[in-house]
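So the structure is just underneath, and the comments pick up after that.
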Amino acid sequence: MNYLLVIAATVLLAFEFALSKRYQMNEGTAVEAGLKFNALSGLFSAVIFFAISGFHPGFSIFSLLMAFAMSLCAALYSIIGFRILKEGNMALYSLFLMSGGMLLPYVYGVVFLDEPLTILRICGVLAILAAVILSNKARYRVSKKILLLCVSIFCLNGLVSIISKCHQVSTALNPVSSEAFVMYSGIAKFLFSSVTLLFIHPSGSRLQFTSRNTPLIVAAAAAISGVSYLFQLIGAINLPATVLYPMVTGGCILFSAFAGKIFFREKIARTQWISIALCFVGTLLFL
């Protein structure tokens, strides 16, 4: 059952990336657009999961602090991701984002959680690193600036995965339920983005959009993202980090590439297909 939840989470993530791409096409890639997206999606997510938790989410200082730390990293990589999606494509974005979300918690699991280090998993790490390097050799040129932004989301999503894993396994600190943690994460994202938006744009309407469909896109992205993350949190309780995050990574990279091609007719160069295949094979070596 846990494996089915994780597979469903990867498919939902690909749809979330597609909705983020559509939002970026409607509203642009400025920091203000990213903050609006995160503020609104955080609010929607908080309301949805407050209801899912039965309107009694519980409270924990530990969970609250972890939610704020995780949401700060998530909001930052989301804003940076808009810039990447403008010049790159969904395959490039998901490759760096999801690889970071797997490799860093894997290292954390080995070092701090006594999870096994095997030859096959070392080969998997090398295959995924080779895929990330090869992704910059595609037919289109990726500027050094975009590559630096890709490295940034690699690290930030890695931190998100480590924080969420720490929250799920730290039973001694009385964490809240998975549903409540998603709710707290939404609140944290809303507060961080709203306060920052207030300083950037102190006058006038701060949540105006160029398209009437934009709020619906954000609401759908928030719902899909929340459910996907909930499935991952449930999986994190029973699956080791060395299994959970490789599955999410490989599946999401593959599904995102297909989503970009189907929904946006993105061209994926042969070199990029090879890098995606390498990453997928590297993921399988973890299982």
Side-chain angles (χ1 to χ4, degrees), residues 5-30 33-34 36-38 40-42 44-45 48 74-75 77-102 131-132 134-136 138-142 146 149-150 153-154 157 209-232 247-280 283:
L5 286 175
V6 173
I7 292 171
T10 62
V11 175
L12 290 172
L13 273 177
F15 279 104
E16 186 212 345
F17 292 164
L19 288 169
S20 296
K21 174 83 172 180
R22 174 55 61 187
Y23 175 90
Q24 173 260 317
M25 293 169 68
N26 286 352
E27 304 297 327
T29 59
K36 288 180 179 179
F37 179 87
N38 280 279
L40 202 54
S41 65
F44 282 137
S45 181
I48 291 169
Y77 81 58
S78 175
I79 293 168
I80 294 171
F82 286 149
R83 188 72 181 86
I84 296 171
L85 287 170
K86 181 180 181 181
E87 294 189 22
N89 58 21
M90 284 179 59
L92 179 72
Y93 171 68
S94 64
L95 184 62
F96 275 87
L97 183 73
M98 302 311 298
S99 295
M102 188 210 72
V132 171
L134 191 62
S135 68
N136 195 39
R139 287 178 185 172
Y140 66 87
R141 286 188 174 274
V142 178
I146 294 298
L149 294 178
C150 286
I153 66 170
F154 178 96
N157 197 35
F209 298 104
T210 58
S211 171
R212 293 180 180 179
N213 295 329
T214 295
L216 294 177
I217 292 172
V218 178
I224 290 173
S225 175
V227 172
S228 173
Y229 186 56
L230 177 62
F231 288 170
Q232 292 179 58
M247 284 187 65
V248 173
T249 298
C252 187
I253 288 171
L254 186 63
F255 292 135
S256 294
F258 284 121
K261 193 170 183 64
I262 293 170
F263 294 120
F264 303 107
R265 298 181 180 178
E266 293 180 343
K267 294 181 179 180
I268 302 177
R270 185 193 310 171
T271 312
Q272 234 179 340
W273 277 120
I274 294 173
S275 68
I276 291 169
L278 268 175
C279 190
F280 189 71
T283 299

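Just so it is clear, the model here is predicted, and its values are computed rather than measured.
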Set of residues satisfying side chain to side chain donor-acceptor pair (under 3.5 Å) with respect to Gln24, sequence neighbours excluded: none
Out of curiosity, [X] [atom1] to [Y] [atom2], how far, rounded to the nearest 0.5 Å?
{"X": "Ile80", "Y": "Tyr77", "atom1": "CD1", "atom2": "OH", "value": "11.0 Å"}
{"X": "Ser45", "Y": "Leu40", "atom1": "OG", "atom2": "CG", "value": "11.5 Å"}
{"X": "Leu19", "Y": "Ser225", "atom1": "CG", "atom2": "OG", "value": "10.0 Å"}
{"X": "Leu149", "Y": "Ile79", "atom1": "CG", "atom2": "CD1", "value": "12.0 Å"}
{"X": "Ile217", "Y": "Arg212", "atom1": "CD1", "atom2": "CZ", "value": "14.0 Å"}

Side-chain donor or acceptor of [X] paired with backbone N/O of [Y] under 3.5 Å:
{"X": "Thr10", "Y": "Ile7", "result": "yes"}
{"X": "Asn157", "Y": "Ile153", "result": "no"}
{"X": "Tyr23", "Y": "Ala33", "result": "yes"}

Could you label the plane-to-plane angle of the Phe263 and Phe15 rings as parallel, tilted or perpendicular, counting under 30° as parallel and over 60° as perpendicular? tilted
If you define the side chain from C-beta out and look only at heavy atoms, does anything of Phe17 sit under 4.5 Å from Leu97? yes
Hey, are the side chains of Phe231 and Val6 touching, using non-hydrogen atoms and a 4.5 Å cut-off? no
Give the minimum heavy-atom separation between [X] and [Y], together with the two atoms involved.
{"X": "Phe37", "Y": "Ser78", "value": "CD2-OG, 4.0 Å"}
{"X": "Ser41", "Y": "Ala222", "value": "O-CB, 3.4 Å"}
{"X": "Ala259", "Y": "Ala14", "value": "CB-O, 4.3 Å"}

Quick one: do the Ser228 and Glu16 side chains pair a donor with an acceptor below 3.5 Å? no
Please determine whether side chain to side chain contact (heavy atoms under 4.5 Å, CB included) holds for the pair Phe255 and Leu13, giving the CA-CA distance in whole Å, both sets of side-chain angles, and the decisive distance to 0.1 Å. CA-CA 9 Å; Phe255 292 135; Leu13 273 177; over 6 Å; no
